[in-house]
Amino acid sequence: MSEQESTEKPKDEGAAPSSIPAIPSASSIQSSIKSSIKAGVNAANKVLAGLEDKADTYGKPVVKSLQNIEHEGEVIANKATKFYDQRKQYAPEIIGGSALLVGGFVGLRRGKLPAVATGAVTGFLAYLGVYELDLHRMPDIVFGKEGDK
């Protein structure tokens, strides 16, 4: 054996070590858990309150704008429905206006002949829309039914 090993004091195995902490009581554990939970809940409430304030700040104007748009859309839809119900009273104006408007735009870009052709097609489509002609029955209307001979 070396001298250092022989000079060391023998350890007293029966003595309790002084570095072991005392075991906390159950009530102190419960109170620390309760305080931790309270702190977590308070922090979550603060975050949620901040989010609610931001949502109110930015959400209310958006909702109000959407409500205004919805109201205006409803008014326009009612006017369009009323106009659609009265379309046969204004058939010449609708058909002629559609043909002239579209034909005029095409005439500005492409020339006279495409303008006349496009205006005629647009007028025909407007006529079909105003008088609600069934395209499936169109050959029978134009050429007559086969049973009419």
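Since this is a predicted model, take the numbers as computed values, not measurements. In this chain, residues are counted from 1 in sequence order.
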Does [atom1] in [X] sit with more than 12 non-hydrogen atoms of other residues, nucleotides or ligands closer than 6.0 Å?
{"X": "Glu93", "atom1": "CD", "value": "yes"}
{"X": "Gln86", "atom1": "CD", "value": "yes"}
{"X": "Lys112", "atom1": "NZ", "value": "no"}
{"X": "Tyr90", "atom1": "OH", "value": "no"}

Inset, instruction - Taking side-chain contact (heavy atoms from CB on, under 4.5 Å) as the test, write out the residues that go with Ile76, two or more places apart. - result: none
Legend entry - Qualifying residues under side-chain contact (heavy atoms from CB on, under 4.5 Å), relative to Val75, sequence neighbours excluded: His71, Lys79
Legend entry - Closest approach of Gly103 to Ala115 (non-hydrogen atoms, all atoms of both residues): O-CB, 3.2 Å
Inset, instruction - For residues Ile94 and Arg87, report the shortest heavy-atom separation together with the two atoms involved. - result: CD1-O, 3.7 Å
Any chance you could measure [X], atom [atom1], to [Y], atom [atom2], to the nearest 0.5 Å?
{"X": "Ile95", "Y": "Leu100", "atom1": "CD1", "atom2": "CG", "result": "12.0 Å"}
{"X": "Lys34", "Y": "Ser36", "atom1": "NZ", "atom2": "OG", "result": "12.5 Å"}
{"X": "Asn45", "Y": "Lys38", "atom1": "CG", "atom2": "NZ", "result": "13.0 Å"}
{"X": "Glu132", "Y": "Lys88", "atom1": "CD", "atom2": "NZ", "result": "5.5 Å"}
{"X": "Thr118", "Y": "Leu113", "atom1": "OG1", "atom2": "CG", "result": "9.0 Å"}
{"X": "Arg110", "Y": "Phe105", "atom1": "CZ", "atom2": "CZ", "result": "14.5 Å"}

Legend entry - Val130-Phe83 co-clustered via ILVMFWY side chain contacts under 4.5 Å: yes
Inset, instruction - Establish whether Leu108 and Val116 are linked, either directly or via other cluster members, by ILVMFWY side-chain heavy-atom contacts under 4.5 Å. - result: no
Inset, instruction - Have a look at Phe124 and tell me which of Val121, Thr122, Leu128 forms a side chain to side chain contact (heavy atoms under 4.5 Å, CB included) with it. - result: Leu128
